[in-house]
Protein chains: 2
Amino acid sequence: MNEEKALRDRGIKVTPQRIEILSVLKNTREHPGVDQIYSQVKEIFPAISLATVYNTVELFTQEGLIQEIRLARGFSRYDGSVGSHPHITCLKCGKVEDIEELKVEMLASSVEKSTGYEVLKEEIMYFGYCHECKRLDN
Amino acid sequence: MNEEKALRDRGIKVTPQRIEILSVLKNTREHPGVDQIYSQVKEIFPAISLATVYNTVELFTQEGLIQEIRLARGFSRYDGSVGSHPHITCLKCGKVEDIEELKVEMLASSVEKSTGYEVLKEEIMYFGYCHECKRLDN
DNA sequence: GTGGGTGCAAATAATTTGCATTACT
DNA sequence: AGTAATGCAAATTATTTGCACCCAC
């Protein structure tokens with residue numbers, strides 16, 4: 001869509017690789033990791049390097065274009081939807097899903113009041129077994 | 001106190017290193033990382049190795065004796081208080097605190113209902129600036 | 001034209017693992 | 001005695017960085 005505009009609006013230099021990485025993230029609900037982004041972008045830019053993907057998702061995260069979801073130690077995934085919302089991940093199949101239904105807006109201000117912190121960011125993550133994986137026993 | 005009993009009750013082999021590591025975690029509110037646990041235990045067992053600390057906190061986490069708090073990529077801290085409760089960390093000084101006041105028990109069951117997952121674990125983490133660090137401008 | 005981005009390979013850093021030795025039950 | 005834990009050092013793995021070349025502005 002307008003990934004190029006999103007970059008230009010923030011004064012980020014526009015490159016085809018960046019447009020493609022942003023596009024991948026904006027057009028999936030899969031919450032891909034760096035490897036998955038890399039594989040997908042590679043189909044269009046076979047020469048792209050993993051380092052570029054790492055650098056780019058880091059830049060986009062700083063700029064608030066995407067958000068990082070930190071799963072188990074040593075593995076992050078990325079979400080093109082940037083509003084703060086909880087996530088849930090299946091401990092068996094590894095899938096990550098958004099939880100739209102859970103309203104948590106009021107929690108942050110309650111936290112500010114009770115802790116005296118200025119709150120900038122929240123991460124609400126649930127871990128369990130998804131419907132599919134529950135069915136297959138365990 | 002009764003760290004030895006806590007280990008024995010779970011059928012975990014009791015060693016002085018394990019008692020000491022558990023004791024460190026049960027007697028602080030600092031949410032120390034592996035390095036901090038290592039330094040502190042080293043005062044009593046100068047020969048202890050980092051690997052032992054890593055292995056032990058992993059074991060204790062599995063056994064539910066402590067809980068892991070995953071901060072930025074590549075850094076975990078540990079909490080001797082094992083009930084599920086939110087945490088808040090200061091982006092400037094790195095301190096981690098418990099948020100006792102925030103009641104989140106009802107959220108998990110609401111998540112189970114809306115997602116169809118069987119929820120086993122939750123992580124609720126806030127990031128911001130603590131009272132101290134806010135005062136020093138920036 | 002110039003500064004910043006990309007691709008490559010080497011470097012980093014937290015964590016883990018293999019193995020010989022030592023300690024718990 | 002037998003099994004499992006410890007300490008050490010080497011291995012692992014996600015991520016990062018240095019650098020030469022190329023591209024967007």
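When reading the values below, keep in mind they use all heavy atoms of this one structure, side chains included, and skip hydrogens, waters and symmetry mates. Chain letters run A, B, ... following the sequence lines, proteins first and then strands; every chain starts at 1.
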Separation of B/N55 atom CG from D/dG7 atom C1', in whole Å? 10 Å
Do A/E58 and A/Q62 get their side chains close enough for a donor-acceptor pair, meaning under 3.5 Å? yes
Presence of A/Y54 side-chain N/O under 4.0 Å of D/dT15 phosphate oxygens OP1/OP2: yes
Selection: residues 32-45 of chain B, any non-hydrogen atom under 4.0 Å of DNA chain C: none
What nucleic acid atoms does A/A51 come within less than 4.0 Å of, heavy atoms only: base, sugar-phosphate, or nothing? base
Of all the nucleotides listed (D/dG7, C/dT25, C/dG7), which has the minimum atom distance to the side chain of B/R8? C/dT25
Closest non-hydrogen atom pair, A/P86 against A/L102: CG-CD2, 3.9 Å
For a side-chain contact (heavy atoms from CB on, under 4.5 Å) check, start with the C-alpha distance between B/I124 and A/V104, then their side-chain angles and the critical distance, and finish with the verdict. CA-CA 11 Å; B/I124 302 182; A/V104 291; over 6 Å; no
Residues of residues 9-19 of chain A with a heavy atom under 4.0 Å from any atom of DNA chain C, listed by number, are A/K13, A/T15, A/Q17, A/R18
Taking only the side-chain heavy atoms of A/S49 (C-beta and beyond), determine which of D/dT16, C/dG7, C/dT17 contains the nearest atom. C/dG7
Starting from P on C/dG5, measure out to CD on A/E58 and report it in whole angstrom. 13 Å
Below 4.0 angstrom, N of the basic side chain to O of the carboxylate: do A/R29 and A/E100 qualify? yes
